[in-house]
**Q** 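Have a look at this one before I ask anything.
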Amino acid sequence: MILWLVLFFLVIAISFVLALLSMRDFQEVPRSQEYGLFLIRQPAQFSADILDLIHTRITEEGLIVSIERLLKGKKSTLVIFGPKKVLESLPQLDLLELEDYTDVNRVNLSAWEVGVKSFKDLHLSVKSFFKDLPQLDMEEQFWWQIVLGPSFQSQIRAVVISSDIRKRLDLSSSIQRLDLGRLTKIPKPFTLDQFLDFYKRRSLTYDPHNPNLTPQEVLQLIL
């Protein structure tokens with residue numbers, strides 16, 4: 001009888017551990033209210049004070065926001081995805097609601113995620129890298145997404161788009177070698193389709209590789 005009880009509790013324990021492991025790469029997409037995608041028409045007003053306000057609101061209500069810098073050739077724009085009631089309370093940004101821009105030919109893109117290798121890297125600062133970004137041809141694109149959850153836990157993704165496979169691989173490799181301080185490319189066992197799906201849904205992974213960023217660090221990484 002004792003042996004059967006031991007086996008029973010052992011099976012329960014193993015099932016619990018396996019369930020926890022299966023949740024490691026679970027992509028959560030909080031949608032407790034209406035979200036929207038907006039062009040920031042006054043990026044000069046996108047300040048630490050604005051981010052502090054956003055940080056307070058999403059932490060209080062358990063929401064997410066995604067800040068995305070999009071480059072095409074020499075052009076660059078800043079967009080934000082988040083709960084409409086929060087974003088529409090920021091008139092200084094002069095927001096313009098957009099349609100989703102991620103409907104592209106997946107054959108022409110490369111994608112990866114960025115984070116910290118280990119907790120020992122957490123004391124290192126992050127660095128701005130856009131001034132060192134390789135030059136893009138007119139039709140080439142680079143997307144940089146920072147999804148922020150409560151307490152500004154972050155999920156960082158990068159996408160390179162080019163119809164020239166050799167140029168696309170060269171661009172991706174060059175960008176991955178840029179100095180981002182404590183941040184680096186984190187290998188993930190996902191397909192390209194999965195990466196793009198996570199990007200489109202602005203999903204947030206609860207993963208030890210994802211750093212908690214300060215508003216100042218977010219600005220450094222996006223401007």
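FYI, the numbering just counts along the sequence from 1.
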**Q** Using the benzene-type ring in the case of Trp, are the ring centres of Tyr35 and Phe81 under 6.0 Å apart?
**A**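 Centroid separation for Tyr35 and Phe81: below 6.0 Å.
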**Q** Quick one: list whatever passes ring-ring contact (aromatic ring centres under 6.0 Å, His included) with Phe195, sequence neighbours left out.
**A**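 ring-ring contact (aromatic ring centres under 6.0 Å, His included) check on Phe195 returns Phe190.
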**Q** Give, for atom NE2 of His55 and atom CD of Glu60, the distance between the pair rounded to the nearest 0.5 Å.
**A**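 Taking NE2 in His55 and CD in Glu60, the distance rounds to 10.5 Å.
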**Q** For residues Ile67 and Leu148, determine if any side-chain heavy atom of one lies less than 4.5 Å from a side-chain heavy atom of the other.
**A**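 In short, these two side chains touch, coming nearer than 4.5 Å.
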**Q** According to side-chain hydrogen bond (donor to acceptor under 3.5 Å, both in side chains), does anything in residues 75-89 pair up with another residue at least two apart or in another chain? List the pairs.
**A**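 Listed by first then second residue: Glu34-Lys84, Glu61-Lys85, Arg69-Ser76, Lys84-Glu97.
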**Q** State plainly whether one hydrophobic cluster holds both Leu169 and Leu136, where clusters connect Ile, Leu, Val, Met, Phe, Trp and Tyr through side-chain heavy atoms under 4.5 angstrom apart.
**A**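 Cluster IDs for Leu169 and Leu136 differ.
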**Q** Are Leu180 and Ile186 linked, directly or through other ILVMFWY residues, by side chains that come within less than 4.5 angstrom of each other?
**A**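 Hydrophobic grouping puts Leu180 apart from Ile186.
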**Q** Suppose the criterion is salt bridge (charged side-chain N to carboxylate O under 4.0 Å, His left out): which pairs have a residue in residues 101-111, not counting sequence neighbours?
**A**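 Pairs touching residues 101-111 that pass the test: Arg106-Asp193.
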**Q** For Leu133, what residues pass the side chain to side chain contact (heavy atoms under 4.5 Å, CB included) criterion, not counting sequence neighbours?
**A**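 With neighbours one apart ignored, the set is Leu71, Phe129, Phe130, Phe142, Ile175, Leu178.
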**Q** Minimum heavy-atom separation for Pro134 to Ser174, with atom names?
**A**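 Nearest heavy atoms, Pro134 then Ser174: CG-CB, 3.7 Å.
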**Q** Does any donor atom in the side chain of Trp143 or Gln145 lie under 3.5 Å from an acceptor atom in the other side chain?
**A**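 There is no such pair between these side chains.
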**Q** With sequence neighbours excluded, what pairs up with Phe46 under the ring-ring contact (aromatic ring centres under 6.0 Å, His included) test?
**A**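 With neighbours one apart ignored, the set is empty.
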**Q** Of the non-hydrogen atoms in Ile64 and Pro83, which two are nearest, and what is the gap between them?
**A**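 Scanning both residues, the minimum pair turns out to be O-CD, 3.2 Å.
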**Q** Any luck finding a side-chain donor-acceptor pair between Glu68 and Ser66 under 3.5 Å?
**A**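 Side chains of Glu68 and Ser66: pair found under 3.5 Å.
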**Q** Go through the structure and list residues passing side chain to side chain contact (heavy atoms under 4.5 Å, CB included) with Gln42, not counting sequence neighbours.
**A**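 Gln42 satisfies side chain to side chain contact (heavy atoms under 4.5 Å, CB included) with Gln45, Asp94 once adjacent residues are dropped.
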**Q** Flag the pair Leu221 / Leu219 as yes when at least one side-chain heavy-atom distance between them is below 4.5 Å, and no otherwise.
**A**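 No, too far: nothing below the 4.5 Å cut-off.
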**Q** Quiz question: by atom type and distance under 3.5 Å, do the side chains of Gln155 and Asn210 form a donor-acceptor pair?
**A**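 Yes.
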**Q** Nearest 0.5 Å, please: how far is CD in Glu113 from NZ in Lys185?
**A**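 Answer rounded to 0.5 Å: 11.0 Å.
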**Q** If the condition is side chain to side chain contact (heavy atoms under 4.5 Å, CB included), which residues does Pro215 pass it with, not counting sequence neighbours?
**A**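 Residues passing side chain to side chain contact (heavy atoms under 4.5 Å, CB included) with Pro215: Leu51, Asp52, Phe152.
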**Q** Locate the shortest heavy-atom distance separating Asp100 from Arg202; write the atom from each residue and the value.
**A**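 Nearest pair, atom of Asp100 first, then Arg202: OD1-NH1, 3.1 Å.
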**Q** Not counting sequence neighbours, which residues clear side chain to side chain contact (heavy atoms under 4.5 Å, CB included) with Lys167? List them please.
**A**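 Lys167 satisfies side chain to side chain contact (heavy atoms under 4.5 Å, CB included) with Asp137, Glu140, Ser162, Asp164, Leu171 once adjacent residues are dropped.
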**Q** What's the spacing between Leu90 CG and Ile50 CD1 if we round to 0.5 Å?
**A**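 So the gap between those two atoms works out to 5.0 Å.
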**Q** For Trp112, give me all partners under ring-ring contact (aromatic ring centres under 6.0 Å, His included), at least two apart in sequence or on another chain.
**A**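 By the ring-ring contact (aromatic ring centres under 6.0 Å, His included) rule, Trp112 matches no residue at all.
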**Q** Within this structure, what is the CD-CG distance for the pair Gln153 and Asn212, rounded to the nearest 0.5 Å?
**A**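 With rounding to 0.5 Å, CD (Gln153) is 5.5 Å from CG (Asn212).
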**Q** Are any non-hydrogen side-chain atoms of Ile146 and Ile222 less than 4.5 angstrom apart?
**A**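 Contact flag for Ile146/Ile222 side chains = yes.
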**Q** For the residue pair Pro43 and Leu78, what are the closest heavy atoms and their distance?
**A**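 Minimum heavy-atom contact is CB-CD2, 4.3 Å.
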**Q** Given side chains that start at C-beta, do those of Ser110 and Val159 come closer than 4.5 Å, heavy atoms only?
**A**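 No. Closest side-chain heavy atoms not under 4.5 Å.
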**Q** I'd like to know if Ile161 and Ile165 are part of one continuous hydrophobic network [Ile/Leu/Val/Met/Phe/Trp/Tyr, side-chain heavy atoms within less than 4.5 Å].
**A**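 No, separate clusters.
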**Q** Checking Ser203 against Arg157: is there a side-chain donor and acceptor pair closer than 3.5 Å?
**A**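 Indeed, the side chains of Arg157 and Ser203 share at least one donor-acceptor pair under 3.5 Å.
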**Q** Output all residues satisfying side chain to side chain donor-acceptor pair (under 3.5 Å) with Asp179, sequence neighbours left out; order by chain, then residue number.
**A**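 Residues passing side chain to side chain donor-acceptor pair (under 3.5 Å) with Asp179: Lys127.
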**Q** Examine distances only and state if a side-chain atom of Glu217 and a backbone atom of Thr214 form a donor-acceptor pair shorter than 3.5 Å.
**A**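 Judged by distance alone, yes, a pair lies under 3.5 Å.
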**Q** Below 4.0 angstrom, N of the basic side chain to O of the carboxylate: do Asp197 and Arg201 qualify?
**A**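 Salt bridge flag = yes for Arg201 with Asp197.
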**Q** Answer yes if the side chains of Arg177 and Ser173 hold a donor-acceptor pair under 3.5 Å, and no otherwise.
**A**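 A donor-acceptor contact under 3.5 Å links the two side chains.
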**Q** Report yes or no: does His209 contribute a side-chain atom to a donor-acceptor pair with the main-chain N or O of Val116 at less than 3.5 Å?
**A**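 Checked: pair present.
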**Q** Mind checking whether Arg57 and Leu63 have side chains closer than 4.5 Å, heavy atoms only?
**A**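 They are not in side-chain contact.
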**Q** How close do Ala48 and Gln216 get, counting heavy atoms only, and between which atoms?
**A**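 Scanning both residues completely, I find the closest heavy atoms to be CB-NE2, 3.8 Å.
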**Q** Any side-chain heavy atom of Ile80 sitting closer than 4.5 Å to one from Ile54?
**A**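 In contact.
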**Q** For the residue pair Phe38 and Val79, establish whether any side-chain heavy-atom pair is separated by less than 4.5 Å.
**A**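 No, too far: nothing below the 4.5 Å cut-off.
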**Q** List in chain and number order the residues that pass side chain to side chain donor-acceptor pair (under 3.5 Å) with Ser154, two or more places apart in sequence or in another chain; answer none if no residue qualifies.
**A**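 With neighbours one apart ignored, the set is empty.
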**Q** Would you say Thr184 and Val114 make side-chain contact, with heavy atoms under 4.5 Å?
**A**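 Sidechains of Val114 and Thr184: no contact.
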**Q** What's the shortest heavy-atom distance between Pro211 and Arg182, and which atoms?
**A**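 Minimum heavy-atom separation between Pro211 and Arg182: CB-NH1, 3.5 Å.
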**Q** Apply salt bridge (charged side-chain N to carboxylate O under 4.0 Å, His left out) to Asp49 and list each qualifying residue two or more places apart in sequence or on a separate chain.
**A**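 Residues passing salt bridge (charged side-chain N to carboxylate O under 4.0 Å, His left out) with Asp49: none at all.
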